[in-house]
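This report refers to the structure that appears directly beneath it.
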2 protein chains.
Amino acid sequence: MSSQKPLTLHIDFRSGLPIYIQIMNQIEQQVSGGTLKPGAQLPTVRTLASELRINFNTVARAYRLLDEAGIISTQQGRGTYILVKPPPEVEERLREETLEALARQYIGEAKRLNCSNAEIIQKVRDQLKSWKETQLDSE
Amino acid sequence: MSSQKPLTLHIDFRSGLPIYIQIMNQIEQQVSGGTLKPGAQLPTVRTLASELRINFNTVARAYRLLDEAGIISTQQGRGTYILVKPPPEVEERLREETLEALARQYIGEAKRLNCSNAEIIQKVRDQLKSWKETQLDSE
DNA sequence: GAATTAATTGTATCATTGTAATAATTGTAT
DNA sequence: ATACAATTATTACAATGATACAATTAATTC
């Protein structure tokens with residue numbers, strides 16, 4: 001749908017550098033350099049793969065790693081976008097406030113369900129425990 | 001016509017949770033918590049989709065699943081309504097699922113803020129402690 | 001007022017997009 | 001050569017979107 005610019009990348013098949021690394025590097029460069037602006041939509045994995053004459057899963061791998069690195073945002077069924085990042089100082093200031101707001105929101109809803117304090121805490125513990133397995137987190 | 005209240009939902013496109021699941025969770029929360037009362041009409045699939053900037057089929061999917069779960073009643077050509085009264089067993093199941101969904105929601109967003117597990121738990125503790133005092137004004 | 005037409009609402013189907021499990025390929029060290 | 005690890009490809013799947021459709025209600029026309 002819309003604003004996928006061509007995104008010119010050059011893949012060197014003889015460089016020895018894995019293709020997905022080359023894709024990552026060049027996208028990172030274009031983000032740093034301002035060629036790719038926050039919010040811009042990247043080509044779909046299949047489109048880019050077709051242009052580069054490679055498999056779409058190789059592009060998907062690059063996208064996934066870039067997503068985990070916080071460079072882009074991939075959304076199943078929707079597309080892939082350059083991540084809009086707030087400035088570091090804003091992010092830091094917002095972190096505390098946001099976490100507190102999130103906690104209050106969680107507690108508020110849980111209280112409406114007549115959950116006890118013990119339940120409310122315990123459920124967070126439980127879900128934190130099973131978080132790694134279900135999310136395949138980065139660390 | 002209609003008493004379709006605005007129904008404020010918040011969708012996080014980066015959470016990894018499917019949009020239709022997020023819609024389901026939040027509607028369930030509001031039903032359990034009493035914000036959405038039996039008989040109340042929900043926004044049409046197109047209206048809600050427009051507000052959330054998503055495809056109306058995604059809303060329809062959430063509505064259909066909520067319908068199958070016995071929480072709402074969707075009627076082609078008429079609209080979608082909160083069911084008269086969720087049976088006790090549904091109520092109990094809903095409570096469990098909702099609390100878990102709430103916890104996961106909280107954790108997911110906190111994780112994205114790079115909060116540690118310790119922080120995530122501690123913040124809930126803190127806010128629980130000061131809950132009574134801070135809630136006196138709002139109720 | 002009844003019949004007809006338009007508008008509104010949910011439904012069904014398929015295309016598009018990213019995901020995941022796993023196999024095949026390639027490079028490299030032994 | 002063989003074995004191993006890393007990379008890429010194959011395949012099936014899940015989530016979302018686009019489009020056409022059916023059911024109900026509202027509006028129009030006579």
Side-chain angles (χ1 to χ4, degrees), chain A residues 1-5 7 9 11-25 27 40-69 71-83 132-138, chain B residues 1-5 7 9 11-25 27 40-69 71-83 108:
Chain A
M1 170 154 161
S2 45
S3 49
Q4 294 140 317
K5 304 268 272 292
L7 181 60
L9 300 183
I11 301 303
D12 183 350
F13 294 96
R14 273 155 301 200
S15 74
L17 214 54
I19 298 175
Y20 73 95
I21 298 286
Q22 296 186 44
I23 295 174
M24 288 181 65
N25 288 342
I27 288 182
Q41 181 172 20
L42 294 174
T44 70
V45 290
R46 286 173 177 79
T47 299
L48 183 54
S50 169
E51 289 172 357
L52 300 179
R53 311 299 179 90
I54 60 178
N55 189 273
F56 70 84
N57 253 306
T58 303
V59 177
R61 183 172 186 176
Y63 278 9
R64 177 172 54 79
L65 293 171
L66 285 170
D67 184 285
E68 290 172 356
I71 309 280
I72 66 179
S73 167
T74 63
Q75 301 161 27
Q76 183 170 351
R78 292 176 64 84
T80 303
Y81 304 84
I82 304 295
L83 192 56
K132 283 269 181 2
E133 299 95 75
T134 56
Q135 296 291 313
L136 292 177
D137 223 293
S138 42
Chain B
M1 304 252 348
S2 29
S3 44
Q4 295 144 316
K5 305 255 281 278
L7 182 60
L9 300 184
I11 300 303
D12 182 349
F13 293 101
R14 291 189 57 214
S15 74
L17 266 187
I19 297 173
Y20 73 95
I21 297 286
Q22 296 185 47
I23 295 174
M24 288 181 65
N25 287 343
I27 289 182
Q41 182 173 19
L42 294 173
T44 70
V45 290
R46 286 173 179 79
T47 299
L48 183 53
S50 169
E51 289 170 359
L52 300 179
R53 311 297 182 90
I54 61 178
N55 191 274
F56 69 83
N57 261 302
T58 303
V59 177
R61 184 173 186 177
Y63 279 8
R64 177 171 55 79
L65 292 172
L66 286 170
D67 184 285
E68 291 170 356
I71 297 175
I72 66 179
S73 166
T74 64
Q75 303 159 29
Q76 183 170 350
R78 292 184 49 79
T80 303
Y81 303 84
I82 305 295
L83 268 190

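Below, chain A is the first sequence line, B the second, and so on; all start at residue 1.
- Under the salt bridge (charged side-chain N to carboxylate O under 4.0 Å, His left out) criterion, A/Arg61 pairs with no residue, sequence neighbours left out.
- Look at CD on B/Gln75: it is 9 Å from P on D/dT24, rounded to the nearest Å.
- Closest of all the heavy-atom pairs between A/Leu83 and A/Ser73 is CD1-CB, 3.9 Å.
- Applying the salt bridge (charged side-chain N to carboxylate O under 4.0 Å, His left out) test to residues at least two apart or on different chains, none of the pairs has a partner in residues 45-55 of chain B.
- Secondary-structure annotation of DNA chain C gives the stems C:1-30 with D:1-30, with a stem taken as at least 3 successive Watson-Crick or G-U pairs whose two distances both fall under 3.5 Å.
- Here the nucleotide nearest the side chain of A/Ile19, chosen from D/dA9, D/dA20, D/dT8, is D/dT8.
- Put simply, CD on B/Gln76 is 9 Å from C1' on D/dC21, counting in whole angstrom units.
- DNA chain D is contacted by B/Asn57, B/Thr58, B/Arg61 of residues 57-65 of chain B, taking any non-hydrogen atom closer than 4.0 Å.
- Residues B/Arg46 and B/Arg53 both approach DNA chain D. Their nearest nucleotides, taken by heavy-atom distance, put B/Arg53 toward the 5′ side.
- Between B/Pro43 and B/Tyr63, the closest heavy-atom pair is O-OH, 2.8 Å.
- Note: B/Leu17 CG to B/Met24 CE = 11.5 Å, rounded to the nearest 0.5 Å.
- B/Gln41 and B/Gly79 get closest at one heavy-atom pair: NE2-CA, 4.0 Å.
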Under 3.5 Å, N/O pairs linking protein and nucleotides 14-16 of chain C:
none

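- Under the side-chain hydrogen bond (donor to acceptor under 3.5 Å, both in side chains) criterion, A/Asn25 pairs with no residue, sequence neighbours left out.
- As a whole-Å value, the separation of A/Phe13 CZ from D/dT8 C1' is 11 Å.
- Nucleic acid contact class of B/Tyr20 (heavy atoms, under 4.0 Å, all strands): sugar-phosphate only.
- Spacing between atom CG of A/Leu48 and atom P of D/dT8 amounts to 14 Å, rounded to whole angstrom units.
- Contact annotation: B/Asn55 reaches the phosphate of D/dA18 (side-chain N/O to OP1 or OP2, under 4.0 Å).
- Between the CD1 atom of A/Ile54 and the C1' atom of C/dA24 there is a distance of 17 Å, rounded to whole Å.
- A/Leu7 has its side chain within reach of A/Leu42: a pair of non-hydrogen atoms, C-beta onward, lies under 4.5 Å apart.
- Between A/Phe56 atom CZ and C/dT19 atom C1' the separation is 9 Å, expressed in whole Å.
- Partners of B/Asp67 by side-chain hydrogen bond (donor to acceptor under 3.5 Å, both in side chains), not counting sequence neighbours, listed by chain and number: B/Thr74.
- Shown here are the side chain to side chain contact (heavy atoms under 4.5 Å, CB included) partners of A/Arg78, two or more places apart in sequence or in another chain: A/Gln75, B/Phe13, B/Ile19, B/Ile54.
- Which of D/dG17, D/dA20, C/dT19 sits closest to the side chain of A/Thr74 comes down to C/dT19.
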Output one line per pair: protein atom, nucleotide atom from nucleotides 25-30 of chain C, and distance, for all N/O pairs under 3.5 Å.
none

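- The side chain of B/Arg78 contributes no N or O atom lying less than 4.0 Å from OP1 or OP2 of D/dA23.
- Straight-line distance from the CG atom of A/Leu42 to the P atom of C/dT17: 13 Å, rounded to whole Å.
- Counting heavy atoms from C-beta outward, B/Leu9 and B/Leu48 have side chains that approach closer than 4.5 Å.
- Interatomic distance, B/Thr44 OG1 to B/Phe56 CZ, rounded to the nearest 0.5 Å: 10.0 Å.
- Taking the side chain as every heavy atom from C-beta outward, A/Ile23 and A/Ile11 approach each other to under 4.5 Å.
- The side chain to side chain contact (heavy atoms under 4.5 Å, CB included) test applied to A/Ala69 returns A/Ile71, not counting sequence neighbours.
- Across the protein-nucleic acid pair, A/Ile23 atom CD1 and D/dT7 atom P stand 13 Å apart, rounded to whole Å.
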